[in-house]
Amino acid sequence: MRLILLGPPGAGKGTQAEILKEKLGIPHISTGDMLRQVLKEDSPLSKKVKRFVERGELVPDEIILEIMKQRLSSADTEKGFILDGFPRTIKQAQGLEQLLKKMNKQIDLVLYFATSVEKIIERLSGRLVCSRCGMNYHLKNMPPKEEGVCDKCGGELSQREDDQEETVRKRIDVYLKQTAELIEFYKSKGILRTLDANRDAQEVYKELIRLFEKEGFNLKSNDFHKISERAESHA
Ligand code: AMP
């Protein structure tokens, strides 16, 4: 199954993707996580992307598309993938379509995480991220069992540099100007489904399960497969 999680920063896409990846047995591909990994290296790519990420601006499409071209050609994406934070522009969405077309594949569903600006700010200002595995927590809504320590891998939790208020505002602005138009783009292809992502993670997850079942995807089976072939073509 090939999924895109679309929505503003702080919508809870990463949290749901982490649960879904276990459930579906397909990788969670977050361009934000990949870029943060790149930033830890001392490489030409790292130098190129640093200033964009630090300022909350989008990294140029060509760079992102090249990174994704490589990522989507790895064997672990054969059964599907969950894209989180990509595509973020129409150009990226078109690039993704071309890439998948060459592999005879297409996106099954785009899940749009509709979230209010107040919720985004509340979530991002309390967000903590594991420096080792990237797992997300929230000071109030989803605290770790032990303060400052990741439940999953024991790594150290900290606030992301770009979760500081000024950068958050910039990222919301960038989302509204450059990414929100993807809602219409995918709606017109008939594959966009909207979730109310203002609610807590458990409620959103329940809605996701209902939605999958309604769409004819069997979530109860372990190897999660499509039970009804979709004739519609949206490539
Ligand atoms: P995220 O973790 O998805 O909020 O991404 C963090 C930052 O990485 C963003 O503010 C951008 O600077 C950069 N970034 C992540 N994904 C993309 C993308 N698809 N296109 C351009 N920039 C991206």
Side-chain angles (χ1 to χ4, degrees), residues 2-18 20-21 27-41 43 45-72 81-100 107 110-113 115 117 119-138 157-183 185-186 197:
R2 289 174 285 274
L3 290 174
I4 292 176
L5 308 191
L6 178 65
K13 306 184 296 294
T15 303
Q16 297 300 330
E18 279 300 302
L20 284 178
K21 96 172 183 195
H28 165 203
I29 301 178
S30 152
T31 39
D33 285 348
M34 289 165 81
L35 290 168
R36 280 183 286 282
Q37 242 356 85
V38 166
L39 288 179
K40 288 183 188 166
E41 305 158 3
S43 65
L45 180 61
S46 172
K47 288 193 184 80
K48 267 194 215 163
V49 302
K50 192 170 191 284
R51 66 192 165 104
F52 296 104
V53 176
E54 277 178 357
R55 290 188 206 150
E57 290 168 7
L58 293 188
V59 171
D61 292 331
E62 310 76 63
I63 299 181
I64 295 291
L65 282 168
E66 188 49 42
I67 293 176
M68 286 309 284
K69 189 175 161 191
Q70 287 178 22
R71 182 64 187 89
L72 293 179
F81 47 75
I82 306 162
L83 299 182
D84 163 14
F86 172 86
R88 254 172 154 104
T89 62
I90 299 279
K91 210 167 153 205
Q92 289 182 16
Q94 289 166 337
L96 173 66
E97 260 181 4
Q98 283 169 11
L99 223 99
L100 292 178
I107 295 295
V110 179
L111 304 171
Y112 166 47
F113 284 57
T115 326
V117 171
K119 255 297 167 221
I120 298 171
I121 293 179
E122 180 205 306
R123 287 197 185 134
L124 296 188
S125 60
R127 175 157 76 177
L128 295 171
V129 183
C130 174
S131 53
R132 201 184 295 162
C133 74
M135 186 83 177
N136 282 342
Y137 296 85
H138 189 279
L157 303 182
S158 59
Q159 192 184 37
R160 264 169 56 173
E161 276 295 318
D162 62 350
D163 279 348
Q164 314 274 351
E165 187 167 339
E166 199 187 324
T167 321
V168 165
R169 291 198 183 277
K170 171 82 191 177
R171 287 162 64 209
I172 295 172
D173 199 44
V174 166
Y175 169 79
L176 294 173
K177 287 201 180 114
Q178 300 185 66
T179 308
E181 57 188 357
L182 287 177
I183 300 166
F185 180 87
Y186 285 118

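Remember, predicted model here, so these are calculated numbers, not experimental data. All ligand and atom numbering here is 1-based and tracks the order in the structure.
Proximity to D162 (heavy-atom distance under 4.0 Å) selects the following atoms of ligand 1: 6 (C). Taking a cut-off of under 4.0 Å to the non-hydrogen atoms of E57, the atoms of ligand 1 that pass are 11 (C), 12 (O). Each of the following atoms of ligand 1 lies closer than 4.0 Å to a heavy atom of R171: 4 (O), 10 (O). For ligand 1, the atoms closer than 4.0 angstrom to any heavy atom of R160 are 1 (P), 2 (O), 4 (O), 6 (C).
Residues K119 and E122 are paired through a salt bridge, judged by an N-O separation under 4.0 Å between the basic side chain and the carboxylate. Under the 4.0 Å criterion applied to side-chain N and carboxylate O atoms, D173 and K177 are assigned as salt-bridge partners. Look at R36 and D33 and you find a salt bridge, because one of the NZ, NE, NH1 or NH2 atoms lies within 4.0 Å of a carboxylate O, short of that distance. A salt bridge does not link D162 to R55: none of the charged side-chain nitrogens sits closer than 4.0 Å to a carboxylate oxygen.
Donor-acceptor pairing under 3.5 Å is lacking for the side chains of N136 and T15.
The shortest N or O to N or O distance between V59 and ligand 1 is under 3.5 Å. Taking any N or O of Q92, backbone or side chain, at least one lies under 3.5 Å from an N or O belonging to ligand 1. Below 3.5 Å of separation, one finds an N or O of R88 facing an N or O of ligand 1. Geometrically, ligand 1 and I64 share no nitrogen or oxygen pair separated by less than 3.5 Å.
F52 CZ to L35 CG: the interatomic distance, rounded to the nearest 0.5 Å, is 11.0 Å.
Proximity of R36 to ligand 1, defined as any heavy-atom pair under 4.0 Å, is confined to the side chain (atoms from C-beta onward). Residue-level proximity to ligand 1 for D61 is absent, since no heavy atom of it falls below 4.0 angstrom.
With I82 as reference, L20 is the one residue of L20, L111, I29 to meet the side chain to side chain contact (heavy atoms under 4.5 Å, CB included) rule.
Of all the listed residues (L35, T179, V129, T31), L35 holds the heavy atom that lies closest to atom 14 (N) of ligand 1.
Contact record, K50 with L39: CA-CD2, 3.6 Å, taken as the closest heavy-atom pair.
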